[in-house]
Amino acid sequence: QVQVVESGGGLVQPGGSLRLSCAASGSIVPIINIYGMGWYRQAPGKQRELVATITRGGTTNYADSVKGRFTISRDNAKNTAYLQMNSLKPEDTAVYYCNADRVVVLGGGTYFDVWGQGTLVIVSS
């Protein structure tokens, strides 16, 4: 089985910055490869939305609402993705979830759309 754990959320003031981390790991066998990793968020009363994604090769995609402010990156050796969030706005307040897709583990098993438990980000004065 594969687990994804987010960390780094918290309370920040408007205009501030926050860095989220997403670590994927195999509970029994190690991860060999992860094709895609991404960040999603769900604000109160709203549907979950894509924030940013990144492939193993480094191709990124961002929601228009975060372009120029957020940066997604990953360390393939650590099976970890990051989300650097700058110039935060109250509208960014949400639970942020990490997703890992096409996770290949030792032995040939593949897991699709593995989700983390989420980390809460609150942007408020």
Side-chain angles (χ1 to χ4, degrees):
Q1 185 60 263
V2 175
Q3 63 184 120
V4 173
V5 180
E6 305 97 332
S7 62
L11 174 64
V12 296
Q13 296 183 335
S17 297
L18 206 59
R19 183 178 175 85
L20 306 182
S21 297
C22 168
S25 63
S27 59
I28 300 176
V29 295
I31 293 173
I32 300 299
N33 189 21
I34 303 175
Y35 170 72
M37 302 188 77
W39 289 95
Y40 300 74
R41 68 186 182 187
Q42 186 167 21
K46 298 179 64 177
Q47 296 294 109
R48 183 178 64 185
E49 64 175 347
L50 185 149
V51 177
T53 60
I54 184 169
T55 67
R56 182 175 180 82
T59 300
T60 58
N61 182 54
Y62 296 91
D64 289 340
S65 60
V66 306
K67 286 182 179 178
R69 300 189 298 121
F70 292 10
T71 302
I72 187 171
S73 61
R74 63 187 285 176
D75 185 334
N76 293 332
K78 297 180 179 179
N79 294 316
T80 300
Y82 307 93
L83 185 68
Q84 179 65 47
M85 305 184 293
N86 299 325
S87 301
L88 284 163
K89 306 174 181 179
E91 306 92 89
D92 296 317
T93 296
V95 176
Y96 284 71
Y97 298 93
C98 181
N99 173 271
D101 188 45
R102 297 190 209 173
V103 183
V104 181
V105 300
L106 184 66
T110 303
Y111 297 85
F112 301 88
D113 291 324
V114 182
W115 293 92
Q117 80 290 345
T119 185
L120 178 62
V121 173
I122 299 177
V123 185
S124 176
S125 297

#### Entry: side-chain contact (heavy atoms from CB on, under 4.5 Å) partner of Thr93, the single match among Val123, Val12, Leu88
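Going through the options one by one, the only one that passes is Val123.
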### Candidate list Thr110, Asn79, Ile34, test side-chain contact (heavy atoms from CB on, under 4.5 Å), partner Val103, passing option
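Of the listed options, the one satisfying the test is Ile34.
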### Query
So with a 6.0 Å cut-off around CD of Gln84, is the heavy-atom count from everything else above 12?
yes
### Query
Mind checking whether Phe70 and Trp39 have ring centres under 6.0 Å apart?
no
### Query
Are any of the side-chain heavy atoms of Val114 and Phe112 separated by less than 4.5 Å?
no
### Task
Flag the pair Thr80 / Met37 as yes when at least one side-chain heavy-atom distance between them is below 4.5 Å, and no otherwise.
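Not in contact.
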### Task
Using the side chain to side chain contact (heavy atoms under 4.5 Å, CB included) rule, take Val105 and Ile32 through it: C-alpha gap first, then chi angles, then the decisive distance, then the call.
CA-CA 5 Å; Val105 300; Ile32 300 299; 5.6 Å; no
### Task
Any chance you could lay out the side chain to side chain contact (heavy atoms under 4.5 Å, CB included) test for Ile31 and Val104, step after step, and finish with the verdict?
CA-CA 6 Å; Ile31 293 173; Val104 181; over 6 Å; no
### Query
How close do Asp113 and Trp115 get, heavy atom to heavy atom, and via which atoms?
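Taking Asp113 first and Trp115 second, the nearest heavy atoms are O-CD1, 3.3 Å.
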### Message
Looking at every heavy atom in both Ala52 and Tyr62, which two are closest together, and how far apart are they?
### Response
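Smallest interatomic distance, heavy atoms only, reads CB-CD2, 3.6 Å.
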#### Entry: All pairs passing salt bridge (charged side-chain N to carboxylate O under 4.0 Å, His left out) where residues 16-45 contributes a residue, at least two apart
Arg41-Glu49, Arg41-Asp92
### Task
Could you name each residue pair satisfying disulfide (SG to SG under 2.5 Å) that touches residues 60-91, not counting sequence neighbours?
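For residues 60-91, and leaving out neighbouring residues, there are no disulfide (SG to SG under 2.5 Å) pairs at all.
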